Amino acid sequence: MSHASLPLLSPRPASPDEAPVLAVRGLRTDFEARTGTVHAVRDVTFDVRKGQRLAIVGESGSGKSALAMSLVGLVPPPGRVVGGSISLNGKELVGLDDNGMSQVRGRDIGLVFQDPMAALDPLRTIGSQFVETIRVHQDVSVRTARKMACELLAEVGVNDPARRIADYPHQYSGGMRQRVLIAMAIANDPAVVIADEPTTALDVTTQAQVLDLLAKICDERGNALIMITHNLGIVEELCDSVNVMYAGRFVESTSARSLFETPAHPYSQALLDCVIDPATTRRGAMPAIPGSPPDLSVDEPGCPFAPRCPIGRNEPRCATERPEPRTLSTGAVVRCHFASDITGGEA
Amino acid sequence: MTAVAVTPASPARSRPIRSFLKRDAALTLTLSLLAALILLTLIGPFLWRVAPDDINLSAVLQPPSVAHPMGTDDTGRDVLARFLAGGRTSMLAGLGIALIGAVVGCVTALLAGSMRGWVDTVFTWLTNSILCFPAILLAMAIAMALQPGVTAAVIGLSLHSFPWYMRTLRGEVMRLYGQDFIRSTTALGAHPGRVLFRHVFPHLVPIMILQMAAVFGAAVLSLAALGFLGLGAQPPTAEWGEMITEGQQFFLTGQWWIAGFPGLGLLVAVTLTTLIADRAREVLDPRGEFTQAK
Amino acid sequence: MRSARIRRTLLKTTTALLASVGLLALSGCGSPSTAGGSATRDFTVNWATSLTNIDPAFVCAGNENSFASNFYARLVKLGADTQADGTAVANTDPARVQGDLATSWKVSPDGKDYTFSLHPGAKFANGDPLDAEAVRYSIMRNLTIGGCGSLGLQIGLTDPALIKNVVVVDPSTVRLELSRAYPAILVTLAQSRGSIYDPMVIKQHGEDKKGVPNQWLASHTASSSGPYVLDEYVANNYAVLKRNPNYYGTPALEPVVRVNFITSIPTLMLQARRGEADVTLGLPPYVVHELSSDACCRVTATPAFAPVTVSMDNSKGVTSNVQIRQALSYAVPYQQIQKSVAYGYADGYYGPFVPGTPGFDPQLSAPRATDLDKARQLVSQSGVADPQIDLMINPSAPGVSTLATILKSSWEEIGVKVNIDSQTPTAFATKFNTGSYQSALLFESAGPVAAYELRKKMTCGSSFNNQHICIPGTPELMKDLNNAPDLQTQQPFINALVKDWTDNAPTIPLYRAQFTAVLGHTVKHFDYAPSTTFYNWGR
Amino acid sequence: MLSTILKKLGVSVATIFGASLFAFILLRKVPGDPARAIAGDTATPETIAALRKSMGLDENILVQYGKYMESIFRGDFGFSYSTGTPVGTLLSQRLPATLELGLLSVIIAIGAAVLTAGMAVYSRRRWPDKALRISSSLAMGSPPFWIALLALMVLSIQFGIFPGPEGRLSPGVIKPPAVTGLFTIDSLLAGQWATFGNALWHLVLPAAVVALGPFAFLSRLYRNQLRGTLRETFVTVARSHGLRRFPVFNRHVAPHGLLSLLPAASLLFADLLAGSLLVEKVFGWPGVGSMTADAIIQKDFAVVQAVLLLAAILYVVVTLLADVLMAAADPRTRVGAR
Amino acid sequence: MSTAHEPLLKVEKLNKSYGRGMSTKNRVQILHDVSFELRRGQTLGLVGESGSGKSTTASCVMGLTGADSGLIEFDGVDLTKLKKAEMRRMRRRIQMVFQDPNGSLDPRFTVADLVEEPLIIHGASDSAERSRRVEEVLDRVGITVKQAQRYPFAFSGGQRQRIAIARALVLKPDLVVLDEPVSALDVSIQAQVLNLLSDLQDELGLTYLFIVHDLAVARLMSHDIAVMNGGRIVEAGTSTEVFENTSHPYTRALLDAVPGARRRAKALAAAGDGPSQEGL
């Protein structure tokens, strides 16, 4: 395993003694489909502390977006949170009515979405949407809100914001729109910013700029950042801790460094193997994960990764017994019966 | 996103209709009601063996009774018998209009959509020119130019229905030609004819069925409207619209059954069609791209 | 703060809608009180008709002539009798004709010249003199225009023309020169054909182009010489008639008459019931029957010149076979038709002209009894195998489809297959007038002169003989009839012609429809003439 | 944008040309000789021949078309022989009535559709949506002339809530001074409140019946549009910023639905002639619709031709207008991308 | 691979513009003088961001879009000069795999029918022979005969892309144009498909024109690389040349933008040691 990664810029370490801003315990979200119930989020537990940059990594269909929407109570119907608790600065969010949730959204939790092209109302100017966003939570005049918006836009790198605030979304490029959306997400200074695949829809060259911006903003303001992504490169570059999600569960929760140096779960390992670096790779075969992700509407008794796992494929235990989270010596929490066998050490 | 796992990842319209029927009680119910109504008007005359044209001057304007379940009109004709005969006229003409429009519209759409260029321009101009007349007005003018009657009404309404098919189908043909699976077939070296008939045409069928349902409903109503204005079916041919006209003056003197039942028949038939088309649209066309006016 | 804003937006969006809904409701509640109020309302005539043209020289239909008659004076007018219910009914006897614009007239000894002395100082509504020149102009216009006016005015005598010339003797005297003595001319002069209009106005509006009647006159009046002025006219919708201040005669009873042209029977019926119309004309018999027992109104029925017939082409096809025609005439259930279609507002007869026409003989034109056996026998005698006829109808007229249905079913009972051929009014008229039909169900308006009717319908080869009736021996009788100056001398020829006609059954008269009017209780004065006018009607 | 409008204008002109040619040729094929119909049953052949000549019926059909178009540009729509009135006069007499009816019915249809569909989509319960679906299906399936009869029977005759089929005003109510020709507006301008009430009272029922079909169509369209827009990302984004359901619905969802409603509503407006055709007759409404119905029965082709042309022009103009409005209302087309 | 190979595909000065009317003002130039060569048995990676013109180039090569000017020479034949029928016959030797496996398979056909269709089009009349070949190629891409009776929607994205590959390969073409064949797939699935493509190339001696935006995938798969930007080829050469001695700033920017690459590159510079794939 040779993804040597020596961080030049050390992210702010999470201080364990600080009370978590956001504490999620045993969160479960279901979608009632005609074909049966899809358990999209299954028993997810994690903490986010002030200034932390947490990554949630998974493939499409792993439940990571459903998780993000569950946190802000915007799971699209027919989906809903069916269990667990989300505690924001001690305030319970699960079971809160929509009005209560509305006060949390934007003010306590900011959201940045995947597709900036579709994330702004095309019929209204950037300014009016921005002002609206500010005035939902802050009792300020339209004029003040507009001024605040201009400042924020300048902060995220929009040139001449006083003029461009009157423009419509389609007059902005994709990258610029994502900057606007980031500015709107932090406009009410939320404690936590959730970014759901914020760069997937952008061109490669723009991606980097937007990521830099997100990091910078959160650093300056001290917001916690939850980065939801499938791209391990982003995780490596941006985040300090990682949760690897598979089939609705966190299969490995650890620090970014530990994940890249000593991935504990076979799935994490396989994912890392799939990452190819254009600078170093050569023509030839690459390691692949066989098979395809499981159907989320069935909840098998064993480890959901077992059929694709180099170890689990041949272990009867993996097919019958669900692995419970275990904490390893590295501090990683892993759901795997054989995690210790790979890394060679158990706490 | 997880929601993706909920909605079918594949185009839903390729699913067999049968499986939907099994699960969709409402659709099954409405479909069987409409089928029952159509069947009733088609075989009704064999069950209710009273000739719709038989007059009986000694039993005029009788309210519904066992002998005349829908009463009699001002010449003593049995309203039920006329209701059944009128329904048959309406249904057959409606089906005819839907079919003629579908065939002509589909052929022109395929021609215009696949050949493009001046063929497309001419057809589009033609259909635009026809569509700027309201259907009923055009049908009236046709009825005026020909002999008023069911035939003229069918011709007029078909003339107005085919551009609707043509417009929707042409758009779909154009869209399909931009689709990768059509491009991939072309890339395989398939003859344009093969692409057209094996790959493009089958995709038009569900849209055509949807459109036919809509056109059928509208056609039945328009036909009745023409009959009401005296330009559709001519007396003594029984047709629901014509029956309403004949019964109109009796409405006010309390003999509601002469115009009441045919109106009810129209209402039920067209409403059922609309409900079915609605439901079918959700099944066949979940994106709602082919929502058609009228 | 936030919720306040939400409430405000909610309010903003719904207020507008609520306001409009409220406004509707308010107006709905407030309005009924403004309806009704017959005391202040203009005298209202609701008429189930649509007029195509109001130029009396040109139009043919009875309704149009009636309407136009309100605006034009005529030299003379018909005498009248009062029937039991108080309605005055015009009498078509030439001997009882009275003066109108003409205060008196003299007939030359040979009966060919009529010299009329006009009302002194009579004026048109616009102030133009209503003098001998206007009379000459008007009568000559009628004669030369080529429409219905010419034939009607001359009682069908066109070869040689009955009216030779009109001579202005002096501004208040005019002489009519006939080619032969013919007293019935006075009856036609009393009809709308004899209307007098202002030549100056017609000239102002483009005169008549050669053979083409003036289009302006189709919806306007050439000033007014009659009791009313056409104040407002919206075709197929309504007309407002106002008293003519310059009228020389007795002023019209009502100062203003509003005529609504309404073809929707339910509307007519409802308004009659609600007392929103003083007179309702042209209702189908069924509705008249319904209203006759309604407290709202009074129904008056008078004999009219309105035969309902089945015309047949006597020259071609099965209908050229006399036995078939007779068979058809015996198979019609006359009694039932009169009862269930005409609801009793009908009289039975069987002849070329209707009862009430001077010269009508009830013996010769007795109603035909329905005799199915005889009819079947006649069919078998005719030698026509599987007889089949097309019956052309114009279903837009009320009652037509009912009648057609009855005819079809009764004729099919004697083995004659009937194909009902529905045509729009125009196509119907064109086909009928060009004689390209086999049989047609016709609601006619006949002239009040027996000889005219016979001439029109029985002259072999005449272009007006749309039935192509040509009975052997009739040309001679017709010649004798044409030469006879007055009814007395005409009667034997009329009787002979009627007999020939009934024997040949060239047409099947189903019944003679009565003129019916539904009157509100406030209507005290009402009269009827072949060209119905409104100026003697009133409250 | 200007070039797009010019192009659309070109298409519109071509469409109207096609439509007018089509209508003209169709109506010249009408059987039955109009000259004979005018002249009546005792007209001489000479009279008929002279009439034919004066009406230009003896000329080549394309020449006739050319002359007809030329006369249209002079504002002369021909002569209606079934009413004895120039068609232009007829239209000016009857268009305001139809326009008034049409405008109110469009307002009712759009208002009701926006309100009901908005409530059905906004409500998180299922029954409002079901109720809307069923009621709009019923409205779509109801024959307007029959509903008109029923409404008259029940609301007017049985309960007397609405006036009978007597046209635009009660008998005896004086017409307001003509300014726009719309009685409601004219009476308001003249300050005649009673007349306004009476005119409106007469309008409501026919307008509601005319609005029935359009309401059904618009409400389902609006419902689908709203539901589609609700699924858009920007709605979720706005919610994620803390906006509550109603403001998001009101400011973001509804405008999109309304924008997409514009072309459909314009089509319906263009289709009003057809709607009024059926309803006017029943209500005795003295508009273009009842005139057309009569003219067609009478084969009065000058009127029918003018109405056909009018309908075509109305359709084309209204759709063009809707296109332009759409473009103007949608910033994506109004303002170019940077 | 040896450079002695004949070029199978030669594209020279290809130009293409879109837009209405004759006036140049309204026309948008999509391709500017695009030229490249592709040698038999090798893979050319055509790299660029969206809108760079790489897909249009592929479309022109396939004859799905007509070029304005330029030469497309396939095995010595100029494709731009071929008549329609000749081009159709030629397509037997040139096949294409599209980006989105959901859209490139007709949902109304079973998988077996879809894979059989190219054989029918190109006149393989013996149905037993056809079935044999369909079975063979499906087996090669890992789809069983039983599965092949199902419709495309019953398959996952990766499987569908394999079906698309089978459909392209059943005619045993010389050149396969791969238009972003893995970009719609998940990371864990990408590798499966890419490996399959490499294996098939080795087995069947296929030549690939590989359209791709992911530089890593491009390097993994290609012998030669051509970088496109704004309708022009800005840099071309062997894979090693382009990636290790990047000359054009645009290519440099692309490489730098890959997440994680920047830090890794700096780290590498610091550590002075390159990680190797062989360790896996």
Side-chain angles (χ1 to χ4, degrees), chain B residues 3 30 121 124-126 128-138 140-148 217-218 220-222 224-225 228-231 240-241 244-245 247-248 251-252 256 259-260 262-264 266-275 277-279 281 287-288 291 293-294, chain D residues 11 14-19 21-23 26-31 133-134 136-138 140-147 149-150 152-153 157 213 216-217 220-221 224 228 264 267-268 270-275 277-278 281-282 292-293 296-297 299 301 304 307-308 311-316 319:
Chain B
T30 44
T121 310
T124 308
W125 176 67
L126 198 73
N128 277 347
S129 295
I130 292 175
L131 280 184
C132 58
F133 299 118
I136 190 111
L137 207 57
L138 188 76
M140 283 169 82
I142 299 269
M144 188 174 157
L146 307 172
Q147 169 100 332
V220 168
L221 269 190
S222 301
F228 177 74
L229 292 170
L231 289 163
W240 285 344
I244 293 174
T245 312
Q248 187 183 357
F251 231 89
L252 298 184
W256 52 269
L264 212 60
L266 276 173
L267 181 68
V268 169
V270 181
T271 303
L272 285 177
T273 316
T274 314
L275 284 171
D278 253 19
R279 202 71 198 91
R281 178 166 295 123
R287 285 165 296 177
T291 317
K294 280 172 282 195
Chain D
V11 172
T15 305
I16 290 181
F17 168 72
L21 191 65
F22 180 81
L26 181 72
L27 292 179
R28 287 306 132 123
K29 293 292 162 213
V30 168
R133 163 177 285 179
I134 290 172
S136 66
S137 297
L138 275 171
M140 216 149 189
S142 55
F145 45 96
W146 187 70
I147 294 293
L149 276 174
L150 265 185
L152 268 182
M153 175 80 191
I157 295 164
F217 174 68
R220 328 159 140 250
L221 187 71
N224 290 345
L267 279 187
L268 288 176
D271 224 34
L272 273 177
L273 267 183
L277 209 66
L278 296 169
K281 244 183 119 65
V282 180
T292 311
I296 286 191
I297 296 283
K299 297 213 172 186
F301 67 88
V304 179
V307 170
L308 278 173
I313 290 173
L314 189 70
Y315 174 91
V316 170
T319 38

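Nothing here was measured: the structure is a model prediction, and the numbers come from that model. Order of the sequence lines sets the chain letters (A, B, ...), proteins ahead of strands, with each chain counted from 1.
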Trainee: I'd like to verify something: which residue of P262(B), S222(B), A225(B), A259(B) has the highest number of heavy-atom pairs under 4.5 Å with chain D?
Mentor: A225(B)

Trainee: Chain B heavy atoms under 4.5 Å from V11(D): which part of the residue, side chain, backbone, both or neither?
Mentor: side chain

Trainee: Heavy-atom distances under 4.5 Å only: say whether I157(D) touches chain B with side chain, backbone, both or neither.
Mentor: side chain

Trainee: Any idea which heavy atoms bring G141(D) and L221(B) closest together, and the distance?
Mentor: O-CD2, 3.9 Å

Trainee: Which heavy-atom pair separates P134(B) from A311(D) by the least distance, and what is that distance?
Mentor: CD-CB, 3.6 Å

Trainee: Any donor and acceptor pair, going by atom type alone, linking the side chain of W256(B) with main-chain N or O of L150(D) inside 3.5 Å?
Mentor: no

Trainee: How long is the straight-line distance from CG of L26(D) back to CG of L138(B), given to the nearest 0.5 Å?
Mentor: 7.0 Å

Trainee: Considering all heavy atoms of both residues, which atom of A19(D) and which atom of C132(B) are nearest to each other, and what is their separation?
Mentor: CB-SG, 3.5 Å

Trainee: Given the rule in the side-chain contact (heavy atoms from CB on, under 4.5 Å) test, do L275(B) and R133(D) qualify, once you have shown the distances and angles that lead to the verdict?
Mentor: CA-CA 8 Å; L275(B) 284 171; R133(D) 163 177 285 179; 4.2 Å; yes

Trainee: How long is the straight-line distance from OG1 of T274(B) back to CD1 of I134(D), given to the nearest 0.5 Å?
Mentor: 12.5 Å

Trainee: Identify which part of A264(D) has an atom lying under 4.5 Å from any heavy atom of chain B, answering side chain, backbone, both or neither.
Mentor: neither

Trainee: Before you tell me yes or no, could you show the steps for L229(B) and I296(D) under side-chain contact (heavy atoms from CB on, under 4.5 Å), namely the whole-Å CA-CA distance, both residues' side-chain angles and the distance that decides it to 0.1 Å?
Mentor: CA-CA 9 Å; L229(B) 292 170; I296(D) 286 191; over 6 Å; no

Trainee: So, taking the atom named CE in M140(B) and the one named CG in L277(D), what distance separates them when rounded to the nearest 0.5 Å?
Mentor: 4.5 Å

Trainee: Name the member of G241(B), A224(B), A143(B) that forms the most heavy-atom pairs with chain D at distances under 4.5 Å.
Mentor: A224(B)

Trainee: Apply side-chain contact (heavy atoms from CB on, under 4.5 Å) to the pair F145(D) and Q248(B), showing each step before the final yes or no.
Mentor: CA-CA 10 Å; F145(D) 45 96; Q248(B) 187 183 357; over 6 Å; no

Trainee: Side chain, backbone, both or neither: which part of L231(B) has an atom under 4.5 Å from a heavy atom of chain D?
Mentor: side chain

Trainee: Please flag which part of L126(B) lies under 4.5 Å from any non-hydrogen atom of chain D: side chain, backbone, both or neither.
Mentor: neither

Trainee: Ignoring hydrogens, what is the shortest heavy-atom contact between L267(B) and L138(D)? Give both atom names and the distance.
Mentor: CD1-O, 3.6 Å

Trainee: For a quick test of reading the model, state the closest non-hydrogen atom pair linking V270(B) to M140(D) and the distance between them.
Mentor: CG1-O, 4.0 Å

Trainee: Does any heavy atom of chain D fall under 4.5 Å from the side chain of I142(B), the backbone, both, or neither of them?
Mentor: both

Trainee: What are the two closest heavy atoms between V282(D) and F228(B), and how far apart are they?
Mentor: CG2-CZ, 3.5 Å

Trainee: Using the side-chain contact (heavy atoms from CB on, under 4.5 Å) rule, take W146(D) and W240(B) through it: C-alpha gap first, then chi angles, then the decisive distance, then the call.
Mentor: CA-CA 11 Å; W146(D) 187 70; W240(B) 285 344; over 6 Å; no

